[in-house]
Amino acid sequence: MSAHLLVVEDDGEMRDLLRKVLEKEGYSVSVAADGHEALTVLPQAAIDLIITDMLMPDDGGLELLRVVHETQPLLPVIIITAFGDWGSYSRALELGAAAFISKPLKMAELVGAIHTALARRGVGQAA
């Protein structure tokens with residue numbers, strides 16, 4: 001059984017790239033353009049892990065992380081950002097982020113963080 005991931009990214013090209021790469025890795029992938037859309041997708045699908053951009057219009061990744069951690073504390077959330085700073089990093093960890101990855105993304109680093117987070121949760125890896 002492959003894990004079901006939710007990619008939350010406001011940049012359409014990056015969202016599509018992440019979806020394609022992760023599907024090639026064997027994951028089932030749903031996408032959302034922002035935190036608000038992600039919160040509507042979550043109840044409709046059995047999501048095993050969320051990958052979210054930190055800075056997005058409306059509900060950003062840290063706000064999404066906060067809400068998810070309150071409602072589904074065991075659901076791992078990986079934060080990706082082009083604007084990583086110590087304050088954002090420490091806030092993400094305080095809120096329970098499984099990983100904090102800076103852009104430009106190294107796909108091997110992202111896939112490794114996904115494997116680690118899913119293994120901690122005991123969820124099946126990609127096929």
Side-chain angles (χ1 to χ4, degrees):
M1 178 186 113
S2 71
H4 189 173
L5 312 181
L6 174 59
V7 172
V8 186
E9 169 64 65
D10 59 319
D11 180 311
E13 288 182 23
M14 177 60 90
R15 188 171 56 242
D16 288 344
L17 174 65
L18 287 169
R19 181 184 50 78
K20 288 175 185 171
V21 167
L22 295 171
E23 285 175 346
K24 279 187 177 179
E25 289 289 327
Y27 295 107
S28 171
V29 181
S30 294
V31 295
D34 58 32
H36 179 73
E37 186 178 335
L39 292 174
T40 63
V41 170
L42 274 173
Q44 301 171 17
I47 301 296
D48 297 305
L49 181 139
I50 298 172
I51 301 160
T52 182
D53 191 10
M54 187 173 75
L55 294 178
M56 296 179 286
D58 301 321
D59 295 334
L62 291 179
E63 177 62 15
L64 175 60
L65 172 60
R66 186 189 65 74
V67 171
V68 167
H69 192 69
E70 286 176 2
T71 59
Q72 298 182 52
L74 298 179
L75 181 60
V77 177
I78 294 174
I79 302 283
I80 57 176
T81 185
F83 305 101
D85 58 44
W86 178 250
S88 300
Y89 175 78
S90 60
R91 182 71 180 134
L93 294 181
E94 282 174 19
L95 291 171
F100 188 91
I101 301 174
S102 295
K103 292 179 183 176
L105 283 177
K106 294 177 184 77
M107 289 302 170
E109 181 182 6
L110 177 60
V111 170
I114 292 167
H115 283 293
T116 299
L118 291 175
R120 284 187 193 137
R121 189 169 183 216
V123 174
Q125 300 293 314

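When a residue number appears, it is its place in the shown sequence, counting from 1.
Two residues are said to be in side-chain contact when any heavy atoms from C-beta on lie closer than 4.5 Å; Y27 and L49 fail this criterion. A heavy-atom distance below 4.5 Å is found between the side chains of L18 and L105. Between L95 and V77, the closest side-chain pair of non-hydrogen atoms is not below 4.5 Å. Side-chain contact between T52 and V68 is absent, with no heavy-atom pair separated by less than 4.5 Å. The closest side-chain heavy-atom distance from M107 to L17 is below 4.5 Å.
Residue pairs meeting the side-chain hydrogen bond (donor to acceptor under 3.5 Å, both in side chains) criterion with at least one partner in residues 7-18, sequence neighbours excluded, are E9-K103. Counting only residues at least two apart or on different chains, the side-chain hydrogen bond (donor to acceptor under 3.5 Å, both in side chains) pairs with a member in residues 28-37 are H4-S30.
In this structure, E109 has no side-chain hydrogen bond (donor to acceptor under 3.5 Å, both in side chains) partners at least two apart in sequence or on a different chain. Scored by the side-chain hydrogen bond (donor to acceptor under 3.5 Å, both in side chains) test, Q72 finds no partners at all (sequence neighbours excluded). Partners of L74 according to the side chain to side chain contact (heavy atoms under 4.5 Å, CB included) rule, which considers only residues two or more places apart in sequence or in another chain, are R121. Not a single side-chain hydrogen bond (donor to acceptor under 3.5 Å, both in side chains) links K20 to another residue, sequence neighbours left out.
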In sequence, state the C-alpha distance, the side-chain angles, and the governing distance for T71 and L39, and then conclude on side-chain contact (heavy atoms from CB on, under 4.5 Å). CA-CA 11 Å; T71 59; L39 292 174; 6.0 Å; no

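Considering CZ of F100 and CD1 of I80, their distance stands at 10.5 Å, rounded to 0.5 Å. Atom-to-atom distance recorded for L6:CG and R19:CZ is 13.0 Å, nearest 0.5 angstrom. T81 contributes atom OG1, which lies 6.0 Å from atom CG of D53 (distance to the nearest 0.5 angstrom).
Screening V7, I51, L22, V8 for a side-chain contact (heavy atoms from CB on, under 4.5 Å) involving V31 leaves a single residue, V7.
Heavy atoms only, all atoms of each residue included: D48 and S2 are closest at OD2-O, 4.5 Å. Between A113 and I101, the closest heavy-atom pair is CB-CD1, 3.8 Å. The minimum heavy-atom distance linking I79 with A97 is given by the pair CG1-CB, 4.1 Å. Listed here is the closest heavy atom pair of G35 and L64: O-CD1, 4.1 Å. Pairing each heavy atom of P73 with each of E70, the nearest pair is CD-O, 4.4 Å.
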